Student: 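Quick one: this structure, given as structure tokens, is what I'll be asking you about.
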There are 2 protein chains.
Amino acid sequence: MKTPLYILGLLKRHGPQHGYQIRKNIAERVADFAYIKLPTIYYHLEQMEKKGLVSSTKSREGNRPERWVYDLTSAGEKELQKILRSFSGKEYRAEFDLDAVFFFLDFLPGRSQIIEALETQRSDLRALLANLAKHRREVSSHMSGKARSIALLLFSHHEKHYRAECSWLDEAILVLAEA
Amino acid sequence: MKTPLYILGLLKRHGPQHGYQIRKNIAERVADFAYIKLPTIYYHLEQMEKKGLVSSTKSREGNRPERWVYDLTSAGEKELQKILRSFSGKEYRAEFDLDAVFFFLDFLPGRSQIIEALETQRSDLRALLANLAKHRREVSSHMSGKARSIALLLFSHHEKHYRAECSWLDEAILVLAEA
DNA sequence: ATTATAATAGTCAGGATTGACTATTTAAGG
DNA sequence: CCTTAAATAGTCAATCCTGACTATTATAAT
């Protein structure tokens, strides 16, 4: 349910937009932190219009076909505040697909395949961390002051968890290797 | 999509069961690691029966009303292996609702409310960690050898990520306080 | 000038999840 | 013995998410 928040927030920050534009904004600004697909955006735009949180008008620009451009209503503005508050209170719960694999590990014949898979995951994760660090440096150099500290918090959040995951993979590979 | 895996795995490990029994098994054995609701279980039992992964028979025990008891088929057994393998290769991706709050932080009026919410989250998380440690000790004392090391990996996995989250909350609270 | 490729802008059907609800049976307390 | 609470066993409607698909326009390459 993060999608409505991102849509409302981006409409407030960057003004009226159509669905594809919202997706572009998400891709350019929060791709590292939120994975939202285009159909999900259109779905919520429709739902939120039904609820009166956004309004839509047809618009034609240049040679492009007509598009529905969405705008934040005052009800949508209130909803944005409400969601922001409710998200502040939502507790973090971790769930990992790999846990299920380990829970049923005795049903898998050989250990070597899993160890290989885990090693692949670990190097993928390291690449992801390197990429994140690169993006962090870019953001860091384009911003300053209070806003910069807050933007860096998002990177820190993900880096902490990805490092935790790497460290756990180390442990898991060790345990599997000696079993 | 972890639910089919848990259902198939628990059917293999504990034999034919009806939906409610599967939920009990999940609640008793993996409640710390997977959050699966009863309707989700029934939904997947139905789907998997359509696909021939489980078979069902009506059964009456004692005074209880008739129930559909599900059993693993050989196709289900194969599917279990397949899911286990595919889950070994699925990469971890972190997503946090709080990130969206920080991304749109400038839309919230006061900082003090958020700081309070984060502090509540941190103490809830500490309680969760304490509870997890208690459960770990229980499991640890009931098991031994290889199986014990693997069971402890699941606890370690969650503890690492919950500690990462606590540590990030510390950082976030500090940044917000001085902003 | 023409073809190929990428970017733009969406739609739709199918699958997954769960809150809220119903109904029965057993256990506990007075 | 009777009432109440808890456990058992499940259903249904509403909601959310996304892979696969369609179609147009702009850009690049030949």
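Letters go in sequence order (proteins before strands), and every chain restarts at 1. The figures here come from the full heavy-atom set of this structure, side chains too, leaving out hydrogens, waters and symmetry mates. Quantities reported herein were computed from a predicted structural model and do not represent experimental measurements.
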Student: Please give, in whole Å, the distance from C:dT11 C1' to A:Gln47 CD?
Tutor: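 It is 15 Å, rounded to the nearest whole Å.
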Student: Can you tell me how far P of D:dT11 sits from NE2 of B:His18, to the nearest Å?
Tutor: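 About 12 Å, once rounded to whole Å.
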Student: Would you mind listing every salt bridge (Lys or Arg N to Asp or Glu O under 4.0 Å) that reaches into residues 11-21 of chain A, with sequence neighbours excluded?
Tutor: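 Passing the test, one end in residues 11-21 of chain A: A:Lys12-A:Glu77, A:Arg13-B:Asp106.
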Student: Rounding to a whole Å, what distance do you find between B:Asp97:CG and D:dC16:C1'?
Tutor: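 Between C1' of D:dC16 and CG of B:Asp97: 14 Å.
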Student: Apply side chain to side chain contact (heavy atoms under 4.5 Å, CB included) to B:Ala172 and list each qualifying residue two or more places apart in sequence or on a separate chain.
Tutor: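 Counting only residues at least two positions away or on another chain, B:Ala172 forms a side chain to side chain contact (heavy atoms under 4.5 Å, CB included) with A:Leu153, B:Phe102, B:Leu118, B:Trp168.
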Student: What residues, two or more places apart in sequence or in another chain, satisfy ring-ring contact (aromatic ring centres under 6.0 Å, His included) together with B:Tyr42?
Tutor: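 B:Tyr42: no ring-ring contact (aromatic ring centres under 6.0 Å, His included) contacts found.
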Student: Would one find a side-chain N or O of A:Tyr20 under 4.0 angstrom from OP1 or OP2 of C:dG10?
Tutor: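 Answer no for this pair, as no side-chain N or O of A:Tyr20 is under 4.0 Å from OP1 or OP2.
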Student: Rounding to a whole Å, what distance do you find between B:Glu46:CD and C:dG15:P?
Tutor: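 It works out to 13 Å between those atoms.
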Student: For DNA chain C, which residues of residues 22-45 of chain B approach it to below 4.0 angstrom with any heavy atom?
Tutor: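 Within this stretch, B:Lys37, B:Pro39, B:Thr40, B:Tyr43, B:His44 sit under 4.0 Å of the strand.
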Student: Between atom CE in A:Met1 and atom P in C:dT17, what is the gap in whole Å?
Tutor: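 Rounded to whole Å, this separation is 17 Å.
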Student: Does the ring centre of A:His158 sit less than 6.0 Å away from the ring centre of A:Phe33?
Tutor: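 Yes.
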Student: What's the CD-C1' distance between A:Glu49 and C:dG10, to the nearest Å?
Tutor: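 Rounded to whole Å, this separation is 15 Å.
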Student: May I have the distance from B:Lys58 (atom NZ) to D:dG10 (atom P), rounded to whole angstrom?
Tutor: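 In whole Å, D:dG10 P lies 12 Å from B:Lys58 NZ.
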Student: For the pair A:Gln17 (side chain) and A:Gly15 (backbone), establish whether a donor and an acceptor sit closer than 3.5 Å, ignoring hydrogens and angles.
Tutor: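 Yes; judged by distance alone, with no hydrogens or angles, the pair exists.
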Student: Check the surroundings of atom CE in B:Met1: do more than 12 heavy atoms from other residues, nucleotides or ligands lie under 6.0 Å from it?
Tutor: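 Atom CE in B:Met1 is not crowded, with 12 or fewer foreign heavy atoms closer than 6.0 Å.
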Student: Apply ring-ring contact (aromatic ring centres under 6.0 Å, His included) to A:Phe107 and list each qualifying residue two or more places apart in sequence or on a separate chain.
Tutor: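 Result, ring-ring contact (aromatic ring centres under 6.0 Å, His included) vs A:Phe107: A:Phe104.
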Student: For the helix from C:dA1-D:dT30 to C:dG30-D:dC1, measure the angle between the helix axis at one end and the axis at the other, each built from five pairs, rounding to 10°.
Tutor: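 Here the helix ends are tilted 30° relative to one another.
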Student: Could you check whether B:Tyr92 and A:Phe96 have their ring centres less than 6.0 Å apart?
Tutor: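 Ring centroids of A:Phe96 and B:Tyr92 are less than 6.0 Å from each other.
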Student: Is there a donor-acceptor contact under 3.5 Å linking the side chains of A:Glu138 and A:His135?
Tutor: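 No, because no side-chain N or O of A:Glu138 sits under 3.5 Å from a partner of the opposite role on A:His135.
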Student: Could you state the atom-to-atom distance from CE of A:Met48 to P of D:dT15 in whole Å?
Tutor: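 After rounding, the reported distance stands at 15 Å.
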